[in-house]
Amino acid sequence: MSAPNKSFDPVEVEALKPEAVERALDEALAALAAAADLGALHEAEIAHAKDRSPLALANREIGALPPAAKAEAGKRVGQARAAVARAVAERRTVLEAERDARVLVEESVDVTLPWDRAPRGGRHPLTTLAERVGEVFSALGWEVTEGPEVEAEWMNFDALNISRDHPARSPQDTFFVRTPGVDPNDPTHTERDSLILRTQTSPVQIRTMLKRQPPLHMVCIGRTFRTDALDATHTPVFNQIEGLVVDEGIGMADLKGTLDHFVKAMFGAGLATRLRPNYFPFTEPSAELDLQCFVCHGASVGDPDHPCRTCSSEGWIELGGCGVVNPRVLVSAGIDPERYSGFAFGIGLERTLMFRHGIADMHDIVEGDIRFTLPFGVEI
Amino acid sequence: MRVPLSWLREYVDLPEGLTGRELAERLIPAGFEVETVHESGAGLTGPLVVGQVLEIEELTGFKKPIRYCQVQVGPEPADVRGIVCGARNFAVGDKIVAALPGAVLPGDFKIAARSTYDHVSDGMICSARELGLGEDHSGIIVLPTDVQVGADAIELLGIRDAVLDIAVTTDRGYCLSMRGMAREAAIVYGRTLRDPALLDVPAPTQGGYPVVLADPLGCDRFVARAVRGIDPLATSPLWLQRRIQLAGMRPISLIVDITNYVMLEIGQPLHAYDLGRLTGTITVRRAEAGEKLTTLDDAERALDPDDLLITDESGPIGLAGVMGGASTEVHAGTVDVLIEAAHFDPGSISRTARRHKLQSEASRRFERSVDPNAAAAAAQRAVDLLVLLGYGTAAPEVTVASTRPHAAAPIVIDAGLPGRVAGLAYPRETVVRRLQEVGCTVEGADRLSVTPPSWRPDLTDPNDLAEEVIRLEGYDRIPMRLPVAPRGRGLTLRQRLHRRVGHALADAGYVEVLNYPFVGDAEFDAMGVPADDARRDALALVNPISDEQPYLRTTLLPGLFATLRRNVGRGMTDVALFETGLVYQPRPGASAPPRLSVAHRPSDEELAVLEAALPDQPRHVAAVLTGARENAGWWGAGREATWADAVEAARTVAAACNAELTVDQAQYEPWHPGRCAVLSLDERIVGYAGELHPKVLEALGLPPRTCAMELNLDVLVPASEVPVTAELVSGFPLASVDVALVVSQEVPAADVESALVAGAGPLLEAIRLFDVYEGERIEQGTKSLAFALRLRAQDRTLKADEVAAVREAAVASATRHTGAVLRG
Ligand SMILES: [Zn+2]
């Protein structure tokens with residue numbers, strides 16, 4: 001910027017002469033009109049409308065004029081610059097419209113082209129189901145617990161009122177870990193117990209009770225082992241959902257309410273559950289939990305023309321066992337049965353998964369074929 | 001237990017027209033799992049009548065001998081039909097079963113008059129199989145002489161029946177009998193039971209067959225009754241055969257059928273000895289070492305000192321409660337028998353049955369407890385039937401050897417207990433009535449003194465009595481109530497972390513699998529695991545699923561390798577798998593777990609001893625990958641998975657745990673010796689990652705360049721508990737400098753980087769290795785590593801000379817520690 005110069009004659013400031021301003025304006029408008037695309041417009045704008053343009057430079061000289069001349073010169077230059085700015089905007093509108101109509105069309109691609117550059121992963125549905133079950137009970141304020149898979153017999157059997165002669169305690173049903181000095185085929189002749197692979201998640205009940213006094217509200221979802229051969233509905237390595245509540249005044253009504261809540265969370269509302277008397281050493285009374293068949297809702301019973309594969313036309317599906325904790329179990333775990341009572345349940349996770357997702361064959365769950373697992377994604 | 005409805009009706013007046021399915025619907029809520037209801041004779045309609053053969057004309061000239069019979073099928077003289085028959089086991093005068101035209105036999109076999117063998121056959125003479133009464137097709141049914149000609153044979157033979165197959169729970173041994181099931185049916189329908197064990201039984205006498213109970217705990221009662229002069233030609237009547245058959249057993253001979261029939265009826269297993277084959281006093285005792293016994297199935301069995309035996313002076317003559325011996329077996333010529341009705345210890349019987357893999361109808365019942373007070377009645381019932389059907393004579397002597405009376409102790413319960421257990425109040429009268437219905441004696445007002453019946457040894461605790469009341473009142477009547485838990489703390493950090501790890505790996509393209517935890521030597525061998533490696537020190541199973549995989553895994557890799565191979569074998573070329581799960585590491589010197597009491601809580605010391613016997617069971621995470629990590633496509637080339645992806649998978653897991661792993665070069669099986677990273681956290685080894693050894697891949701049948709990683713997740717958990725301290729974010733400008741350093745090839749990049757970091761000091765904001773060059777432009781045996789350093793101060797804009805000083809210091813440190821030379 002030039003410094004103010006009082007002795008300077010304003011008429012002598014060439015750039016502010018009306019002809020000069022008019023010439024600059026004409027040149028600017030011609031250049032803008034000639035801009036063929038947005039790039040050329042941008043250049044023309046820099047040349048004629050921005051800080052280095054003749055009109056902008058002329059504008060700077062106004063300060064050098066004596067006060068009387070400032071107003072007129074300012075108005076002249078200002079009008080010219082406004083006209084240029086308008087012309088820029090008009091030309092931009094035209095050119096943008098042209099670009100939108102032609103150039104973007106030319107740039108279009110096939111967005112249906114596949115993009116599987118990074119292969120997708122997925123979680124096993126048993127894991128995601130286990131997590132979901134854990135959340136259902138966690139939301140009720142229950143503790144989600146865990147325990148060892150290789151267990152001592154006492155935790156898996158004795159403490160649960162399963163006597164030494166119980167058939168489930170033999171190597172026909174239970175995996176025995178080689179343990180020095182113990183012959184599992186001859187339980188009468190040894191002083192010490194064997195290590196085993198837990199046959200149920202119930203030892204986690206015992207561990208929870210040994211650790212703390214009631215009130216106890218816990219669920220454990222974990223791996224269990226029995227010597228079944230792998231077939232369409234059995235696997236030697238499977239998962240159980242174990243629940244336990246011990247508190248004052250707990251009865252079968254609490255068990256029924258809890259199971260109903262769980263079934264609704266897993267299978268949706270509108271399906272009946274029923275408890276059927278059964279026998280387990282660790283609960284008394286004991287019951288089998290049946291869920292109304294969600295495929296036929298019981299309509300297939302006695303209707304040989306419309307058999308149901310899911311429930312074998314029985315109308316009900318066995319989900320697991322449950323009952324009131326046998327007071328003997330409370331005693332083994334150091335809980336006063338006169339004051340406290342409880343309920344427990346054990347439900348097969350694989351069965352729940354098979355029913356919930358229509359899986360016909362256990363092999364699919366066990367084999368780890370990615371074609372089975374991937375469609376489940378990361379949540380179910 | 002198979003329960004024929006017609007047989008049940010003998011003891012309970014069930015409603016007229018009751019169907020098997022209706023009965024099942026009532027028994028299921030009472031605790032009896034009815035597996036099937038078999039409608040016997042459902043596919044059969046008459047006319048099916050008793051006929052008498054009047055004449056037989058033998059037809060010859062056919063491929064086999066054929067008979068043309070004149071059969072009287074009704075009371076009128078005109079009711080005679082000509083029927084062609086291929087069987088030969090009958091004579092003129094025999095009474096037979098004739099299906100007349102219009103009848104339909106099982107299998108939709110319609111009977112009509114038809115021409116055959118040059119005669120018109122006006123009906124059919126039936127065999128047992130044709131009527132669905134069994135498998136016997138050796139000849140036609142010959143009926144007893146006293147049946148009425150023309151009578152309805154469907155009725156007579158009991159062809160139409162419903163049989164309920166009931167899975168009796170192990171605590172309800174009494175329901176392995178018609179007597180027990182009839183009691184339950186009577187309760188359900190509110191009718192009276194006619195108890196078949198309520199018989200007139202003569203008192204024990206002197207002079208009966210001598211019996212000694214040498215093991216009073218194993219056998220506390222032994223009733224012996226003799227019946228002499230049985231007609232060896234006498235056979236079981238049809239009704240008896242039919243009932244045994246419907247109950248799922250096979251008719252064999254009159255004597256055996258009677259013992260089975262009484263067992264089915266009363267629940268007391270019986271054994272019949274050929275009296276003439278017994279030698280002296282019967283002693284019930286444990287086996288002695290080295291003793292042997294040939295059982296009824298002709299198997300010679302080496303006996304265990306825990307086996308309870310029936311012996312006479314010749315030696316063992318039976319495995320008590322499980323199976324009789326061959327030497328004293330009844331046979332076709334037996335005329336004198338000794339009936340045994342004994343009571344054995346359930347545990348002993350179950351051990352013997354398991355030990356010898358001999359599950360018999362008798363052992364099944366003894367294992368689940370048999371009513372000790374029904375032994376005498378059962379023996380009497382057998383004697384009565386042998387006299388009635390076998391024309392024998394009952395010996396007047398009655399042997400009852402008994403070591404203790406069977407009187408159950410009363411259980412005292414509060415009348416409100418069943419209501420509290422259920423969560424539903426029952427009136428006192430209901431509680432008392434239900435307990436009486438199952439056979440208990442009940443005394444008292446609010447405190448009830450309840451004495452269970454002799455057939456219910458399972459009723460020992462107050463809750464057992466509560467269950468009887470609750471199940472008979474119906475589980476369906478119990479209301480629903482959701483218990484209120486105290487405020488919870490949600491998932492533990494460890495649980496949340498396990499989830500995060502799973503999600504992180506899935507998001508990174510890995511597919512989760514859950515493998516069986518069984519491994520074998522062959523897998524360790526293929527992995528090149530040395531003989532003295534800790535991973536070989538695995539727990540072994542006594543009874544593995546497969547002898548090839550007797551161990552419990554100490555590493556997740558073998559399972560992942562097998563699953564990867566399966567996927568590749570099924571045509572998948574680009575596979576990335578992961579698993580998280582427990583591995584099992586025996587503790588050195590651990591002893592077997594102690595036997596602890598169940599009468600009270602074990603002490604903390606006892607529990608500590610138990611815990612010490614368990615193996616360590618840390619949770620591991622492992623991954624394997626092969627094929628493309630990035631697919632080729634229209635965007636360009638893909639990228640094969642490399643060792644770096646495996647190390648990155650480990651870093652992904654660590655990042656999910658807020659932990660940063662230190663990576664060092666390592667050599668560890670089954671990895672490639674030059675492409676294996678050991679990953680550690682605070683000097684502790686967490687795991688390994690890299691490309692697998694080519695020899696291992698070949699041995700495992702996996703594609704070349706397959707990569708893997710495995711980490712101990714438990715080590716990472718505590719790391720995530722350390723809270724992150726926030727960095728102060730500087731607003732001053734950034735100064736970037738690059739350095740290229742030439743180092744010897746074997747110097748790890750990580751060492752150069754940490755030396756640069758140490759030398760650069762606090763002004764270093766970040767450092768990143770952005771290029772590695774090996775080639776002609778530098779000396780052979782060296783590599784050039786190019787790092788970008790981002791420098792920034794907290795309190796000022798860095799000046800050019802400060803930046804230069806930091807760069808110089810960083811390079812100097814790298815030179816000092818790794819011999820790095822600034823690349824010109
Ligand atoms: Zn159904």
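Order of the sequence lines sets the chain letters (A, B, ...), proteins ahead of strands, with each chain counted from 1.
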Q: Would the distance check show the side chain of A:Trp154 and the main-chain N or O of B:Arg595 forming a donor-acceptor pair, the cut-off being under 3.5 Å?
A: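 Judged by distance alone, no pair lies under 3.5 Å.
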
Q: What distance do A:Arg123 atom CZ and B:Leu514 atom CG have between them, rounded to the nearest 0.5 Å?
A: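 The CZ atom of A:Arg123 sits 9.5 Å away from the CG atom of B:Leu514.
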
Q: Using a 4.5 angstrom heavy-atom cutoff, name the option from B:Leu539, B:Leu582, B:Val513 with the most pairs to chain A.
A: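 Max contact count across the listed options: B:Leu582.
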
Q: To the closest 0.5 Å, what do you measure between CG (A:Leu140) and CG (B:Leu482)?
A: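 Answer rounded to 0.5 Å: 5.5 Å.
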
Q: Which one wins on heavy-atom pair count under 4.5 Å against chain B: A:Leu374, A:Val331, A:Thr179, A:Asp228?
A: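 The answer is A:Val331.
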
Q: Among B:Leu607, B:Asp574, B:Leu564, B:Asp604, which residue forms the greatest number of heavy-atom pairs with chain A at distances under 4.5 Å?
A: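 Of the options given, most contacts go to B:Leu607.
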
Q: Which atom names give the shortest non-hydrogen contact between B:Asn543 and A:Thr227, and what distance separates them?
A: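 Answer, listing the atom of B:Asn543 first, then A:Thr227: ND2-CG2, 3.7 Å.
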
Q: Find the one option among B:Val421, B:Thr169, B:Val511, B:Leu491 whose heavy-atom pairs under 4.5 Å with chain A are most numerous.
A: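 Option with the greatest count: B:Val511.
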
Q: Of all heavy-atom pairs between B:Arg481 and A:Gly251, which one has the smallest distance, and what is that distance?
A: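 Smallest heavy-atom distance, with atoms named: NH2-N, 3.8 Å.
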
Q: Select one option (side chain, backbone, both, neither) describing which atoms of A:Val366 are under 4.5 Å from chain B's heavy atoms.
A: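 Both the backbone and the side chain of A:Val366 come within 4.5 Å of chain B.
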
Q: Taking B:Glu611 first and then A:Arg207, would you say they form a salt bridge - that is, a charged N and a carboxylate O separated by under 4.0 Å?
A: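 So B:Glu611 pairs with A:Arg207 through a salt bridge.
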
Q: Return the option, out of B:Val484, B:Asn515, B:Leu505, B:Thr580, with the maximum number of heavy-atom pairs under 4.5 Å with chain A.
A: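 Looking at each of B:Val484, B:Asn515, B:Leu505, B:Thr580 in turn, B:Asn515 comes out on top.
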
Q: Can B:Asp476 and A:Arg274 be counted as an ion pair, charged N to O under 4.0 angstrom?
A: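 Salt bridge flag = no for A:Arg274 with B:Asp476.
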
Q: Got A:Val301 and B:Glu25 here, is their nearest side-chain heavy-atom distance under 4.5 Å?
A: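 The answer is no; the side chains never approach within 4.5 Å.
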
Q: Please report the shortest heavy-atom distance between A:Arg192 and B:Pro594, naming the atom on each side.
A: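 Scanning both residues completely, I find the closest heavy atoms to be NH1-N, 4.1 Å.
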
Q: Show your reasoning for whether side-chain contact (heavy atoms from CB on, under 4.5 Å) applies to A:Met209 and B:Arg601.
A: CA-CA 10 Å; A:Met209 290 191 279; B:Arg601 182 189 190 276; over 6 Å; no

Q: So which of A:Ser170, A:Gly122, A:Pro114, A:Gly323 has the largest heavy-atom pair count under 4.5 angstrom toward chain B?
A: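 The candidate making the most pairs under 4.5 Å is A:Gly122.
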
Q: Quick one: CG on A:Asn278 to CZ on B:Arg172, what's the gap to the nearest 0.5 Å?
A: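 Answer for the CG-CZ pair, A:Asn278 versus B:Arg172, is 9.5 Å.
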
Q: Assess whether side-chain contact (heavy atoms from CB on, under 4.5 Å) is satisfied between A:Phe175 and B:Leu552, documenting all intermediate values.
A: CA-CA 11 Å; A:Phe175 285 111; B:Leu552 293 179; over 6 Å; no

Q: Distance from B:His503 atom NE2 to A:Thr128 atom OG1, nearest 0.5 Å?
A: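 Answer for the NE2-OG1 pair, B:His503 versus A:Thr128, is 8.0 Å.
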
Q: Would you give the length of the straight line joining atom CZ of A:Arg169 to atom CZ of B:Arg354, rounded to the nearest 0.5 angstrom?
A: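 A:Arg169 CZ to B:Arg354 CZ: 9.5 Å, rounded to 0.5 Å.
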
Q: Specify the closest pair of heavy atoms between B:Ala506 and A:Val378, including all atoms of both residues, with the distance to one decimal.
A: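 The answer is CB-CG1, 3.7 Å.
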
Q: Using side-chain contact (heavy atoms from CB on, under 4.5 Å), reason through B:Met572 and A:Asp369 one step at a time and then give a plain yes or no.
A: CA-CA 9 Å; B:Met572 269 71 75; A:Asp369 192 312; 3.6 Å; yes

Q: Just so I understand: if I count every heavy-atom pair under 4.5 Å between each of A:Glu146, A:Glu314, A:Arg223 and chain B, which residue has the most?
A: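 Max contact count across the listed options: A:Arg223.
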
Q: When you compare the side chain of A:Trp115 with that of B:Trp634, does any pair of heavy atoms fall below 4.5 Å?
A: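 B:Trp634 vs A:Trp115: side chains touch.
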
Q: Under 4.0 Å between a side-chain nitrogen and a carboxylate oxygen: does that hold for A:Glu135 and B:Arg499?
A: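 Answer for the salt bridge query: yes.
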
Q: Judged by atom type as modelled, is there a donor-acceptor pair below 3.5 Å linking the side chain of B:Arg566 to the main-chain atoms of A:Glu367?
A: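 Checked: pair present.
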
Q: Do you know which of A:Leu259, A:Leu197, A:Asp247 has the most heavy-atom pairs under 4.5 Å to chain B?
A: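 Ranked by contacts with chain B, first place is A:Leu197.
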
Q: Flag the pair A:Met155 / B:Pro593 as yes when at least one side-chain heavy-atom distance between them is below 4.5 Å, and no otherwise.
A: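 No; the side chains remain at least 4.5 Å from each other.
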
Q: With a 3.5 Å distance limit and no angle check, can you tell me whether B:Glu467 reaches the backbone of A:Ser286 through a side-chain donor-acceptor pair?
A: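 Checking the backbone N and O of A:Ser286 against the side chain of B:Glu467, a donor-acceptor pair under 3.5 Å is found.
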
Q: Would you check if the side chain of B:Asn463 reaches a backbone N or O of A:Glu284 as a donor-acceptor pair within less than 3.5 Å?
A: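 Present.
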
Q: Kindly indicate, with the supporting measurements, whether the criterion side chain to side chain donor-acceptor pair (under 3.5 Å) is fulfilled by B:Gln495 and A:Glu131.
A: CA-CA 9 Å; B:Gln495 288 161 348; A:Glu131 290 178 0; over 6 Å; no

Q: Check whether any side-chain heavy atom of A:Tyr279 lies under 4.5 Å from a side-chain heavy atom of B:Thr170, and answer yes or no.
A: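 In contact.
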
Q: In terms of heavy-atom pairs under 4.5 Å with chain A, which of B:Pro517, B:Gly559, B:Gly490 leads?
A: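 Most heavy-atom pairs under 4.5 Å with chain A: B:Pro517.
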
Q: Quick check: do B:Tyr475 and A:Pro285 have side-chain heavy atoms less than 4.5 Å from each other?
A: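 When only atoms from C-beta onward are counted, A:Pro285 and B:Tyr475 do touch, with a gap below 4.5 Å.
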
Q: Identify the heavy atoms of B:Asp461 and A:Arg328 that sit nearest to each other, and give their distance.
A: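 Heavy-atom minimum between the residues: OD2-NE, 2.5 Å.
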
Q: Would you check if A:Glu288 and B:Glu33 make a side-chain contact, meaning some heavy-atom pair closer than 4.5 Å?
A: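 No. Closest side-chain heavy atoms not under 4.5 Å.
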
Q: Verify side-chain contact (heavy atoms from CB on, under 4.5 Å) between A:Thr273 and B:Met480, making sure each step is shown before the conclusion.
A: CA-CA 11 Å; A:Thr273 52; B:Met480 285 188 190; 4.2 Å; yes

Q: Is the closest side-chain heavy-atom distance between B:Phe518 and A:Val237 below 4.5 Å?
A: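 B:Phe518 vs A:Val237: side chains touch.
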
Q: Of all the heavy-atom pairs spanning A:Pro119 and B:Arg629, show the shortest one and how long it is.
A: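 Looking at all heavy atoms of both residues, the shortest contact is CD-O, 3.0 Å.
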
Q: Out of A:Gln172, A:Glu153, A:Glu151, which one racks up the most heavy-atom pairs below 4.5 Å with chain B?
A: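 Maximum pair count with chain B is reached by A:Glu151.
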
Q: Could you walk me through whether A:Thr127 and B:Glu512 satisfy the side chain to side chain donor-acceptor pair (under 3.5 Å) test, starting with their C-alpha distance in whole Å, then the side-chain angles of each, then the deciding distance to 0.1 Å, before giving a yes or no?
A: CA-CA 9 Å; A:Thr127 320; B:Glu512 185 175 25; 3.1 Å; yes

Q: What I'd like to find out is whether the side chain of A:Pro148 reaches to under 4.5 Å of the side chain of B:Tyr584, using heavy atoms alone.
A: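 A:Pro148 vs B:Tyr584: side chains apart.
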
Q: Taking B:Gln617 for its side chain and A:Glu149 for its backbone only, find out whether a donor-acceptor pair lies under 3.5 Å.
A: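 Checked: pair present.
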
Q: What residue in B:Thr563, B:Asp507, B:Thr492, B:Asp458 has the most heavy-atom pairs under 4.5 Å with chain A?
A: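 Highest number of pairs under 4.5 Å: B:Thr563.
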
Q: Contact part of B:Ala632 toward chain A, heavy-atom cut-off under 4.5 Å: side chain, backbone, both or neither?
A: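 Looking at B:Ala632, nothing touches chain A.
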
Q: Need one label for A:Phe372: side chain, backbone, both or neither, based on atoms under 4.5 Å from any heavy atom in chain B.
A: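 Neither part, no heavy atoms under 4.5 Å.
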
Q: Does any backbone or side-chain atom of B:Leu577 lie under 4.5 Å from a heavy atom of chain A? Answer side chain, backbone, both or neither.
A: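 Side chain of B:Leu577 only, per the 4.5 Å heavy-atom cut-off to chain A.
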
Q: Near A:Arg117 CZ, under 6.0 Å, is it more than 12 heavy atoms from other residues, nucleotides or ligands?
A: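 Yes - once you tally the heavy atoms of other residues, nucleotides and ligands closer than 6.0 Å, there are more than 12.
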
Q: Where on B:Ile470 is there a heavy atom nearer than 4.5 Å to chain A: the side chain, the backbone, both, or neither?
A: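 Just the side chain, heavy atoms under 4.5 Å.
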
Q: So how far is it from B:Leu424 CG to A:Lys256 NZ, rounded to the nearest 0.5 Å?
A: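 Spacing of CG (B:Leu424) from NZ (A:Lys256) equals 9.0 Å.
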
Q: Looking at A:Pro125, A:Ala253, A:Gly257, which one has more heavy-atom pairs under 4.5 Å with chain B than the rest?
A: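 Option with the top pair count is A:Ala253.
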
Q: Has B:Asn631 got a side-chain atom pairing as donor or acceptor with A:Asp116's backbone, closer than 3.5 angstrom?
A: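 Yes.
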
